[in-house]
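What you see below is based on every heavy atom in this structure, not just the backbone, and it leaves out hydrogens, waters and symmetry mates. Please read these numbers as outputs of a predicted model, since none were measured by experiment. Each chain gets a letter, A, B and so on, in the order the sequences are listed, and its residues count up from 1.
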Number of protein chains: 2
Amino acid sequence: MTLTTAKSVAANATANTIAQALSRAIHEHRLAPGTKLGEDELSDIYGVSRTIVRTALQSLAHQQIVEIKRNRGAFVAQPSLAKAQEVFEVRELLEPRTARAAALHATPADIALLKDHITQEHAAMDAGESGRALYLSGKFHLEIARMAKQQTIADIINVLIARSSLIIALYWRRESALCESQAHHALINAIGDNNGALSEELMQSHLVDLHSALNLKELPAVEQDLRAMLLGDAKP
Amino acid sequence: MTLTTAKSVAANATANTIAQALSRAIHEHRLAPGTKLGEDELSDIYGVSRTIVRTALQSLAHQQIVEIKRNRGAFVAQPSLAKAQEVFEVRELLEPRTARAAALHATPADIALLKDHITQEHAAMDAGESGRALYLSGKFHLEIARMAKQQTIADIINVLIARSSLIIALYWRRESALCESQAHHALINAIGDNNGALSEELMQSHLVDLHSALNLKELPAVEQDLRAMLLGDAKP
DNA sequence: GCGCACAATATTGTATGCAATATGCGGATG
DNA sequence: CATCCGCATATTGCATACAATATTGTGCGC
């Protein structure tokens, strides 16, 4: 996987622009965990100096979706198994309550927005753009947090979603290829009915489903990243 | 309030060093909300280039304890009333469950550590170092999160504690000068007894107490910073 | 005396150059 | 032939110079 694109992009990119672009690329699994994000490479691509690129990378590092190793450079993060567990545990703690709050505050406009999200998600899926579908699926959760009028929680969930995308890239098991859009659909209905209790319950079970669709068996924690790399070739 | 110190500190400071130093100063209320953190000033103090200072400030900005205004500089953040509410609501959502988990994992060594924290806290209080006492009080909460073996939650709580310190600086009402160490003491006992349910309950009520000790009445949000500055001189 | 425009100053934003460090290759050596 | 050491190269870390922008002070006109 390489970062080099055919044409260099407009030079008006700011640090946030770049961070968002990278974040989205990671969300959509166009950048795999472990991919090196070279400063020169990125500054060439976006037509800015390394200074800007560095602040963008630092921003992503704070969200723990990029890991910066001193004198080595920046890499797309590879959350350990333990971190993966933790991320979903926190989400299971935060998001159900947030869904409840969202149900109480939801306006018809909000519901329309969520339905539009679902539509786009389906469209992306049908078009075979599974990365984009995953991205939209994350945005769906974020939108609910935003509706709950809890910016602080929304911020936290935002980074947890980003990390979840990495976790899915690393630990998703193909066997359980169940599409999750039914769950989202049911959630919309509950929120649209201002049914807080049901929304909370649905969100909870939705997250548990997701969590259990991950391949989180015990692996030796030491050098797990290396092992993860090797396991791919070891099966056949 | 000025940042200038008599002697410049050793030049071996790294970005993390500076970020931690500033974070702690904010924790301990030596740096008031709204204080400007000039890049040149800081680079003089710590004997490094502005580059290092900038990454430190960006790090703090990501934790929202510093606000960077474009072309204006970095300032110690001034959480709005709404944000203050939100921060404590999230803490009330996260920390009780975390205290429960901590109670299950707690070892005698952990308990000893917590008791030591309390001792230091009392000592600081008796010495009139209320800032340091507040800092230690925050560390106490963080230590519990660490004991729960949930690094992800601990990270989140860590920044929420930092923000809480700012909120206390802005919205604490003197009337309710109740010292909170009793609450901490009771918590230690519950955790030491591995009593998860009680720990959760105590943490919950402790946070509610804190929350209600804040002066969160409606204030004109516009130019609230300036108002806060002026109110200090208006009393006598 | 008051208000406004403009200039001077100070501070941040960005780019770039040099230094430090890790990596990979090639030759020497056992 | 394998291994180890040292050098060449590439990349990041840090500092500084220059550009852009906000703020403040001054003077002019009214």
Side-chain angles (χ1 to χ4, degrees), chain A residues 1-5 8-22 31 34-62 64-78 223 225-226 229, chain B residues 1-5 8-22 31 34-62 64-78 222-223 225-226 229-230:
Chain A
M1 181 169 298
T2 173
L3 280 174
T4 313
T5 54
S8 184
V9 193
N12 271 1
T14 172
N16 275 340
T17 310
I18 297 174
Q20 273 190 307
L22 289 175
L31 286 175
T35 305
K36 166 136 198 199
L37 303 171
E39 296 182 358
D40 276 324
E41 198 170 10
L42 290 172
S43 50
D44 277 352
I45 292 173
Y46 292 104
V48 293
S49 77
R50 282 173 48 218
T51 307
I52 309 291
V53 170
R54 280 177 79 84
T55 76
L57 290 174
Q58 280 162 4
S59 170
L60 297 174
H62 283 133
Q64 295 190 251
I65 64 179
V66 155
E67 187 183 358
I68 295 179
K69 303 180 184 175
R70 182 171 179 94
N71 287 321
R72 298 277 321 278
F75 303 82
V76 178
Q78 300 178 296
E223 295 183 342
D225 41 345
L226 199 126
M229 296 306 200
Chain B
M1 179 169 299
T2 172
L3 279 175
T4 312
T5 55
S8 186
V9 193
N12 271 1
T14 172
N16 275 341
T17 311
I18 298 175
Q20 273 190 308
L22 289 175
L31 286 176
T35 305
K36 166 136 197 197
L37 303 171
E39 296 181 359
D40 276 324
E41 200 171 9
L42 289 172
S43 49
D44 278 351
I45 292 174
Y46 292 104
V48 294
S49 77
R50 282 174 48 218
T51 307
I52 309 292
V53 171
R54 280 178 78 86
T55 76
L57 290 174
Q58 280 162 4
S59 170
L60 296 174
H62 189 84
Q64 295 192 251
I65 65 180
V66 155
E67 187 183 359
I68 295 179
K69 304 180 184 175
R70 182 169 178 95
N71 287 320
R72 298 276 321 277
F75 303 82
V76 179
Q78 304 183 110
V222 186
E223 294 184 343
D225 41 346
L226 199 121
M229 294 306 198
L230 296 176

Check whether any side-chain nitrogen or oxygen of B/Ser49 sits under 4.0 Å from OP1 or OP2 of D/dA15, and answer yes or no. yes

Which value, rounded to the nearest 0.5 Å, describes the distance between A/Glu41 atom CD and A/Lys36 atom NZ? 9.0 Å

Start with the C-alpha distance between B/Ile18 and B/Val48, add both sets of side-chain angles, then the distance that settles side-chain contact (heavy atoms from CB on, under 4.5 Å), and finish with yes or no. CA-CA 10 Å; B/Ile18 298 175; B/Val48 294; 3.8 Å; yes

Distance in angstrom units between A/Asn16 CG and C/dT14 P, rounded: 10 Å

Rounded at 0.5 Å granularity, tell me how far OH in B/Tyr46 sits from CG in B/Leu22. 5.0 Å

Rounded to the nearest 0.5 Å, what separation is found between the CG atom of B/Asp44 and the CD atom of B/Glu39? 12.0 Å

Between CD1 of A/Ile52 and C1' of D/dA20 the distance, given in whole Å, is 13 Å

What's the shortest heavy-atom distance between A/Ala74 and A/Val66, and which atoms? CB-CG1, 3.9 Å

For nucleotides 10-12 of chain C, tabulate all protein N/O to nucleotide N/O atom pairs closer than 3.5 Å, reporting atom names and distance.
| unit_1 | atom_1 | unit_2 | atom_2 | d |
| --- | --- | --- | --- | --- |
| C/dT12 | OP1 | B/Glu39 | N | 3.4 |
| C/dT12 | OP2 | B/Glu39 | N | 3.4 |

